[in-house]
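Heads up: the structure comes next, in structure tokens.
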Amino acid sequence: MCLIERSSKSDMAAKTSATASAMCASPSLKVSKEVDPQHASETLHFVNTMGAGIPVPENCNTHGFYSLFLRSFIKVDHIQRGRISCTIVAKPPICNGYGTLHGGAVGSFVEALCTACARTVVAEDKELFLGEMSISYLSATPTNEEVQANASVVKTGRNLTVVTLEFKLKKTGNLLYITHATFYNMPVASL
């Protein structure tokens, strides 16, 4: 049952009738009575335009596919203790409908690169637990542009490691994203 409140005004009803009918095509869709049907329709249109509901291809529906897929866009330039420098190319598969690098892809890159950077200083017998991650999105990365990502350990101790990561547009040097991640260094449990 579709729960869309229709206005009693005839002009509003005429405008939203087709919209509400289209939204009611999905029997599982429920829209609150407090939401204007036009706003609900525009939101649904946006979500559908972004590709909601498109099934995942079978060859992509495997364990670890996403991590391997994202890592294919990273080229490691330099590694030293407490520092990693990489190049990321914003290819269309990791860009959004606006033609810029998807924010979720940025978050995934942060997690992978900060973990790798922390691993340059944390002993292998310690497990890393990502406790906190923050990202400041300062500017968008256009499709097919190269991004320079520089990660460095800010603080490391027996129980905690903090890594900062900056993303800059390689062509201009403009700062795109500033991030930091806090890891808890956990001793590996002995079995």
Side-chain angles (χ1 to χ4, degrees), residues 50-52 54-98 100-191:
M50 294 281 110
I54 296 173
V56 175
E58 197 56 42
N59 66 332
C60 301
N61 200 10
T62 60
H63 179 72
F65 175 83
Y66 187 69
S67 294
L68 293 172
F69 171 73
L70 279 173
R71 289 181 184 139
S72 71
F73 297 95
I74 300 171
K75 180 185 153 259
V76 178
D77 299 324
H78 187 75
I79 298 175
Q80 67 185 61
R81 182 172 168 76
R83 295 186 183 277
I84 292 182
S85 180
C86 302
T87 300
I88 298 168
V89 181
K91 292 291 184 182
I94 55 173
C95 289
N96 57 31
Y98 302 109
T100 60
L101 187 60
H102 193 283
V106 173
S108 296
F109 290 135
V110 171
E111 187 266 339
L113 296 175
C114 285
T115 302
C117 189
R119 271 285 162 220
T120 67
V121 297
V122 176
E124 288 184 32
D125 66 337
K126 295 211 176 205
E127 185 178 335
L128 290 175
F129 172 76
L130 179 59
E132 178 187 10
M133 182 172 85
S134 71
I135 306 170
S136 295
Y137 295 88
L138 306 175
S139 184
T141 303
T143 303
N144 294 317
E145 289 292 333
E146 287 189 334
V147 175
Q148 185 67 46
N150 295 310
S152 59
V153 173
V154 176
K155 176 186 182 342
T156 190
R158 195 175 81 191
N159 298 316
L160 189 76
T161 301
V162 179
V163 179
T164 187
L165 174 59
E166 290 185 346
F167 294 83
K168 293 182 179 182
L169 201 55
K170 211 167 194 181
K171 188 190 300 183
T172 63
N174 289 350
L175 191 58
L176 302 168
Y177 321 110
I178 299 172
T179 74
H180 89 271
T182 303
F183 294 93
Y184 298 104
N185 309 337
M186 316 276 288
V188 176
S190 56
L191 299 176

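Note that the coordinates shown come from a computational prediction; the quantities given were computed from them, not determined experimentally. Because only heavy atoms are used, hydrogens play no part in the values below, and waters and symmetry mates are left out as well, while side chains stay in.
A side-chain donor from one of T156 and T161 sits under 3.5 Å from a side-chain acceptor of the other. Side chain to side chain, H180 and T164 fail the donor-acceptor criterion of an N or O pair below 3.5 Å.
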request  = Applying side chain to side chain contact (heavy atoms under 4.5 Å, CB included), run through C86 and L113 and close with a yes or a no.
outcome  = CA-CA 9 Å; C86 302; L113 296 175; 3.6 Å; yes

request  = Under the side chain to side chain contact (heavy atoms under 4.5 Å, CB included) rule, what do L160 and Y184 come out as? Steps first, then yes or no, please.
outcome  = CA-CA 5 Å; L160 189 76; Y184 298 104; 3.7 Å; yes

task = Apply the test side chain to side chain contact (heavy atoms under 4.5 Å, CB included) to residues K168 and L176: give CA-CA distance (whole Å), side-chain angles for both, the deciding distance (0.1 Å), then the verdict.
result = CA-CA 5 Å; K168 293 182 179 182; L176 302 168; 5.7 Å; no

ask   = Run the side chain to side chain contact (heavy atoms under 4.5 Å, CB included) check on L130 and T115 step by step: do they pass?
value = CA-CA 8 Å; L130 179 59; T115 302; 5.8 Å; no

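Every pair passing ring-ring contact (aromatic ring centres under 6.0 Å, His included) that includes a residue from residues 130-149 is listed here, sequence neighbours excluded: Y137-Y177.
Between G157 and N185, the shortest heavy-atom contact is O-ND2, 3.1 Å. Of all heavy-atom pairs between C95 and A90, the closest is SG-O, 3.5 Å. In plain terms, the two heavy atoms of I135 and G107 that are nearest each other are CD1-CA, 3.6 Å.
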Could you pull out every donor-acceptor pair under 3.5 Å between side chains of residues 55-73 and any protein atom, sequence neighbours left out?
from: Y66; atom 1: OH; to: S108; atom 2: OG; distance (Å): 3.2
from: S72; atom 1: OG; to: F69; atom 2: O; distance (Å): 2.5

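Residues V163 and V153 meet the side-chain proximity criterion, which asks for heavy atoms closer than 4.5 Å. You'll find the side chain of F109 stays beyond 4.5 Å of the side chain of V147, heavy atoms only. Within the 4.5 Å cutoff, side-chain heavy atoms of V121 are placed close to those of R81. Side-chain contact between I88 and E146 is absent, with no heavy-atom pair separated by less than 4.5 Å. Here the side chains of R83 and H78 are not in contact, with every heavy-atom distance at 4.5 Å or above. Residues S134 and I178 form no side-chain contact, since every pair of their non-hydrogen atoms from C-beta on lies 4.5 Å or further apart. Within the 4.5 Å cutoff, side-chain heavy atoms of Q148 are placed close to those of T87. Looking only at side-chain heavy atoms (C-beta outward), N174 and S139 stay at 4.5 Å or farther from each other.
One distance of note links OG1 of T182 with CG of L128; it measures 12.0 Å at 0.5 Å rounding.
The 12-atom threshold is exceeded at CZ of R119, counting heavy atoms of other residues, nucleotides or ligands nearer than 6.0 Å.
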